[in-house]
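Since the model is a prediction, treat every value here as computed from it, not as a measurement.
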Amino acid sequence: MAQRAGSEPSRRGESGFDIPTVPGPEDVAPGLEERLGEPGEYPFTRGVYRSMYTERPWTMRQYAGFGTATESNRRYHQLIEAGTTGLSVAFDLPTQMGFDSDVAVAAGEVGKVGVAIDSVDDMCTLFDGIPLDQVSTSMTINAPASVLLLLYQLVADGQGVPGEKLTGTVQNDVLKEYIARGTYIYPPVESLRLTSDIFGYCAAELPRFNTISISGYHMAEAGANPAQEIGFTLANGMEYVRAALAAGLAVDDFAPRLSFFFVARTTLLEEVAKFRAARRIWARLMREEFGARNPKSMMLRFHTQTAGVQLTAQQPEVNIIRVTTQALAAVLGGTQSLHTNSFDEAISLPSEKAARLAVRTQQVLAYETDLTATVDPFAGSYAVEAMTDEVERVALELIEAVEKRGGAVAAIEQGFQKTEIEKTAYGTAREIEDGERVVVGVNRYRLDTEEPYDPPRPNPELEREQAQRLDRLRAERSSTEVNGAMDELRRVASAPAGRPGPEHNVLYPMRRALAARATVGEVCGALREVWGVYLPNDAF
């Protein structure tokens, strides 16, 4: 970034570039009008829709799920009554790893970080009384994404809601699991096959459902800076597009349903620049690299969650200010939907009061401010335009580095993204420890004693109750019907990948098995038998 005469940078951006104290037109590269375009038009720097929030605000989601399906259903009804316009489901760790609640490896984790879902029975309870043709649902699930998506469809079938009316998003981004999060099951190649099968299935059966939420959020939570977050995320996006093309899908048939998931940090200006740069890069990649012709294929639509990693257990009420600032960054950056964290999440599962306040934060921004009166209010800002260019430059360098290593999967197998993120995370931790980076209430402006806090606690009887439900399910269902569907699932999964048509898509026999009340663990276990499990390279 250029420096004005007599102006020294006041600080460096999170992505490593200098931020001038007094930015001017010379800090913005030539050709700004071409890089900006108009809202709703290529390259979508100013937003993916012409009117953005001037006609209706973003979708207000709240990420929730804990304990049993009954407990989570109660919280969903509370959130809807508080004004949430979209649900976002958190699943417990056994569900995320494709295990049933009654197996030994699940002990101590059932219902702890999300809701326990073992079968279609649990899914019906989770959405009891919630009209799925009126609510958009996002599901944070990756390796078993196909299983939970099909369970959701089966619940909708029971409500009489056809697939073409279902809206929402299934995260389904397993590549970032190998990089930053760890809830993978199968090896990368087989995981990509499952992802492309979801693309094909939804194109035919669930045309309004977003088939993937390509996620930078978890990389950011692991320590990635803004440029790393979008650079590695878009590189993963390229890998998913290539997998779908290799499976015989046409780019303009599946690309309009791709979506993304990013974090919003407290560094408001750089976050706005990050979102704008990400849209511009993706539009260009889809048009020039993959030959997309439908403008919807070039739109980077994204959900945002405020930064969980920046929440503090010390003086937790201060998190209200952090979350509000982060939400502002997401809205000013043009997000399509937003989850605001509850102020007490660094301590425990959110309390009902804190979750309601998180929704109210979004409602104040949407209805009491003038943020929805204009499209892309930062357009033309010397500071934001210059920072957008810089984030774009650094992110493109990272994408090129991934491509030189053979693409996202090859780079993952070499440990490249994980190592780069860990270096950044270590640097950030050192800055906080040394006091160079201020965290209010942690390394500056501390209290001598913290106020006591009584968090909500999971039901200690949960595992036993969930195991009893599984016993009843297995006793009541038809073993013949389940076994037949599972054998068909193994047969289709054993066949070579890349052949178009529903007869080669694993989701069709998977749906039959789940409809016959096969469990999440049984379905994932059948695929483990055929595809094996991923073991990370000890070298990194």
Looking at [Y] and [X], is there a salt bridge between them, counting it only when a charged N and a carboxylate O are closer than 4.0 Å?
X: Arg280; Y: Glu392; value: yes
X: Arg517; Y: Glu476; value: yes
X: Asp252; Y: Lys296; value: no
X: Glu403; Y: Arg242; value: yes
X: Arg491; Y: Glu488; value: yes
X: Glu164; Y: Arg208; value: no
X: Arg265; Y: Glu229; value: yes
X: Glu190; Y: Arg193; value: no
X: Asp100; Y: Arg474; value: yes
X: Lys404; Y: Glu400; value: yes

Task: Atom of Val375, atom of Ser51 and distance for their closest heavy-atom approach - done: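 Scanning both residues, the minimum pair turns out to be CG2-O, 3.5 Å.
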
TODO: For Ala307 and Asn341, work out which heavy atoms get closest and say how close.
DONE: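 That would be C-ND2, 3.6 Å.
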
Sort out for me which residue in [options] forms a side-chain contact (heavy atoms from CB on, under 4.5 Å) with [X].
X: Leu175; options: Val409, Ile214, Asn142, Thr195; result: Val409
X: Val89; options: Ile117, Thr137, Thr95; result: Thr137
X: Ser213; options: Val170, Thr169, Thr140; result: Thr169

Open item on the list: Taking side-chain contact (heavy atoms from CB on, under 4.5 Å) as the definition, give me every residue that meets it alongside Arg287, ordered by chain and number, with sequence neighbours left out.
Closed with: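 Result, side-chain contact (heavy atoms from CB on, under 4.5 Å) vs Arg287: Tyr42, Arg293, Met298.
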
Side chains of [X] and [Y] in contact at under 4.5 Å (non-hydrogen atoms):
X: Leu132; Y: Phe127; answer: yes
X: Tyr152; Y: Leu166; answer: yes
X: Arg56; Y: Tyr49; answer: no
X: Leu300; Y: Phe262; answer: yes

Task: Ring centre gap for Tyr508 and Tyr201 strictly below 6.0 Å - done: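 Between Tyr201 and Tyr508, which both carry aromatic rings, the centre distance is below 6.0 Å.
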
When rounded to the nearest 0.5 angstrom, what is the spacing between [atom1] in [X] and [atom2] in [Y]?
X: Glu289; Y: Ile399; atom1: CD; atom2: CD1; value: 10.0 Å
X: Ser136; Y: Asn210; atom1: OG; atom2: CG; value: 7.5 Å
X: Asn73; Y: Thr68; atom1: CG; atom2: OG1; value: 9.0 Å
X: Ile421; Y: Lys176; atom1: CD1; atom2: NZ; value: 12.0 Å
X: Gln171; Y: Ile212; atom1: CD; atom2: CD1; value: 9.0 Å
X: Arg74; Y: Leu126; atom1: CZ; atom2: CG; value: 12.5 Å

TODO: Show your working on side-chain contact (heavy atoms from CB on, under 4.5 Å) between Thr519 and Leu473 and close with a plain yes or no.
DONE: CA-CA 9 Å; Thr519 68; Leu473 176 143; 4.0 Å; yes

Between [X] and [Y], is any side-chain donor less than 3.5 angstrom from a side-chain acceptor?
X: His339; Y: Ser88; result: no
X: Thr45; Y: Arg279; result: no
X: Asp122; Y: Gln466; result: yes
X: Gln417; Y: Arg405; result: no
X: Tyr240; Y: Asn172; result: no
X: Arg61; Y: Thr59; result: no

TODO: Go through the steps for His218 and Phe261 under the test ring pair (Phe, Tyr, Trp, His ring centres under 6.0 Å), then give the verdict.
DONE: CA-CA 9 Å; His218 306 89; Phe261 175 24; 5.7 Å; yes

Task: Sole residue of Phe275, Trp282, Phe44 in ring-ring contact (aromatic ring centres under 6.0 Å, His included) with Phe302 - done: Phe275

